*Asks:* 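First the structure, then my questions, so here it is.
Convention: sequence-line order gives letters A, B, ...; per-chain numbering from 1. Here the structure is a predicted model, which means the values were calculated and not measured.
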Number of protein chains: 2
Amino acid sequence: MSTTAEDLRTIALEEFATAGYAATSLHRIAELAGLSKSSVLYHYESKDALLAAAVQPAITALGTILDELESKPRTRATRNRFIEEFVDFLLDHTPEVNLFINQGPSLVDVPVVDVANAAVVRLAEYFFTTTTTTEDWMRFGVALGGAAYMLASQRTMGFEPTPREETRTVLIGILGELLAPVKTKG
Amino acid sequence: MSTTAEDLRTIALEEFATAGYAATSLHRIAELAGLSKSSVLYHYESKDALLAAAVQPAITALGTILDELESKPRTRATRNRFIEEFVDFLLDHTPEVNLFINQGPSLVDVPVVDVANAAVVRLAEYFFTTTTTTEDWMRFGVALGGAAYMLASQRTMGFEPTPREETRTVLIGILGELLAPVKTKG
DNA sequence: ACAGTTTCTGACCGATCGGTCAGTTATCGT
DNA sequence: ACGATAACTGACCGATCGGTCAGAAACTGT
């Protein structure tokens, strides 16, 4: 069972993430939902509102994860546990993450995107409290953008549909390497 | 010294990469160039043609690098040398790469994008000729998308402008790790 | 059966899109 | 000085955009 509003949210999210927010018309969304454009605007007062509704759950979920993270002791185990939770988050909200990573800079006027940006900053600050070297920042950027791109490629391209459990395990390993590099110097 | 056509190419590339192709109007490009929309269409016969002209040099450059790569013996030294050249390519053509990574899937009808896609496949095939495990593909995706995202973030966000040489060195190291993981098993 | 509410639709609006075209301005070879 | 050509512009076109609105259609409780 699903409501019309939920269907629209799902369809819009998928289109926004793949074709782009600007390139996706309300008519197109209505067409995919089997409705008229007017009906879409009945459930959501504007295109912006539809975007906000589409990404809101992901932002809330990430906020919750970060709340937990910051409340725990700053140990290696906590950090490793977080990486697992973060990978689960990426797998559960791949379209939203992809939308944010790819089109975030061009959606500056949408309030909900600012919240998402703030969450990323929070995330980065946790990993690099004092020792924020250039390499740390670069590793963080590669990990975040790389994971998002790779998952998006898996989704959009044909790319044999890897079982979620395998994707999860491998991605946790890769992010672990990137965010906790073997200290070779110092 | 620079011609009007070159200016338009540069401006369009920057706008397409940051604001998105669909979200960038010819009027906007003309405005940034201090011209009228008609003048833009005088130098480039269509918006598509402008996009093609903007990304063509990067695609040609990548093609050249791949030609060289495939002509050399398949040694570790060749592979390491290639990573250096590839990082230089990323640094020299960051907007183009970012445009392709972020909006490639939504620009399917533009011929030049297909050529770029083919180049990425060529690249992937070089790294994983026979032993294309799922993890290999994922590492390749993370490396490619991660490098592109990180460089784009450096450009668009404030992010203290790291000297090119430092960015280059660190990025070569990161890609080296991702594309030639320490074999822990087997 | 009927009133009330939710859901949905077509017609319409102003704005903006990419693109065309006739004509003006600037540049240049001779 | 002048004709040819390159560069540029404003007016205009059909199409599509996001959004409004009055009303039809469907579903609800009584």
*Asks:* Does A:R79 make a cation-pi contact with A:Y126, if we ask for NZ or CZ under 6.0 Å from the ring centre and within 45° of the axis?
*Replies:*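 Cation-pi check for A:R79 and A:Y126: fails.
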*Asks:* Measure CG/B:L26 against C1'/D:dC8 and give the value in whole Å, please.
*Replies:*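 Computing the B:L26:CG to D:dC8:C1' distance gives 15 Å.
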*Asks:* Once the angle between the rings of B:F140 and B:W137 is folded into 0 to 90°, is it parallel (under 30°), tilted (30 to 60°) or perpendicular (over 60°)?
*Replies:*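 B:F140 vs B:W137 ring planes: perpendicular.
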*Asks:* In whole Å, I'd like the distance from the CG atom of A:D48 to the C1' atom of D:dC17.
*Replies:*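 About 14 Å, once rounded to whole Å.
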*Asks:* State whether B:R139 and A:E177 are salt-bridged, where the test is any N-O pair (Lys NZ or Arg NE/NH1/NH2 against Asp/Glu carboxylate O) under 4.0 Å.
*Replies:*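 Answer for the salt bridge query: yes.
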*Asks:* Should A:S38 be listed as having a side-chain N or O under 4.0 Å from OP1 or OP2 of C:dT9?
*Replies:*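 It does not, given that no N or O in the side chain of A:S38 lies less than 4.0 Å from OP1 or OP2 of C:dT9.
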*Asks:* Could you walk me through whether B:V113 and B:V55 pass the side chain to side chain contact (heavy atoms under 4.5 Å, CB included) test, one step at a time?
*Replies:* CA-CA 9 Å; B:V113 173; B:V55 299; 5.9 Å; no
*Asks:* Give the rounded distance in Å between these two atoms: CG of B:L8 and P of D:dT9.
*Replies:*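 My rounded result for the distance is 11 Å.
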*Asks:* Determine whether a donor-acceptor pair (N or O, by modelled atom type, separation under 3.5 Å) exists between the side chain of B:Y44 and the backbone of B:A5.
*Replies:*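 Answer holds: yes.
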*Asks:* Given atom CZ of B:R28 and atom P of C:dA15, what is their separation to the nearest angstrom?
*Replies:*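 Interatomic distance, CZ of B:R28 to P of C:dA15: 21 Å.
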*Asks:* Write down the distance between CG (A:L51) and C1' (D:dG18), rounded to a whole number of angstrom.
*Replies:*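 Going from CG in A:L51 over to C1' in D:dG18 covers 14 Å.
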*Asks:* Of the listed nucleotides (C:dG10, D:dC17, D:dG19), which one gets closest to any side-chain atom of A:S36?
*Replies:*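 Among the listed nucleotides, the one closest to the side chain of A:S36 is C:dG10.
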*Asks:* If only side-chain N and O atoms of A:H43 are considered, is one of them under 4.0 Å from the OP1 or OP2 phosphate oxygen of C:dC8?
*Replies:*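 Checking C:dC8 against A:H43, a side-chain N or O does come within under 4.0 Å of OP1 or OP2.
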*Asks:* Which of the following nucleotides, D:dC17, C:dC17, C:dC8, is nearest to the side chain of A:T4?
*Replies:*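 For the A:T4 side chain, the nearest candidate turns out to be C:dC8.
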*Asks:* Whole angstroms only, please: what is the CD-C1' distance between A:E31 and D:dT16?
*Replies:*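 For the pair A:E31 CD and D:dT16 C1', the rounded distance is 14 Å.
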*Asks:* Can you see if the side chain of A:S46 gets near the phosphate of D:dG18 - specifically, an N or O under 4.0 Å from OP1 or OP2?
*Replies:*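 It does not, given that no N or O in the side chain of A:S46 lies less than 4.0 Å from OP1 or OP2 of D:dG18.
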*Asks:* Rounded to whole Å, please give me the gap between CG in B:L41 and P in D:dG10.
*Replies:*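 B:L41 atom CG is separated from D:dG10 atom P by 14 Å.
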*Asks:* Please determine whether a side-chain nitrogen or oxygen atom of B:Y42 lies at a distance below 4.0 Å from atom OP1 or OP2 of D:dA7.
*Replies:*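 Indeed, a polar side-chain atom of B:Y42 lies that close.
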*Asks:* Nearest-Å distance, CD1 (A:I29) to P (D:dT16)?
*Replies:*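 After rounding, the reported distance stands at 17 Å.
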*Asks:* I want to check one thing: is the phosphate of C:dT9, taken as OP1 and OP2, less than 4.0 Å away from some side-chain N or O of A:S39?
*Replies:*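 So the side-chain polar atoms of A:S39 do come within 4.0 Å of the phosphate oxygens OP1 or OP2 of C:dT9, strictly under.
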*Asks:* Confirm from the modelled atom types if A:K47 and D:dG19 form a donor-acceptor pair under 3.5 Å, side chain to base only.
*Replies:*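 There is none.
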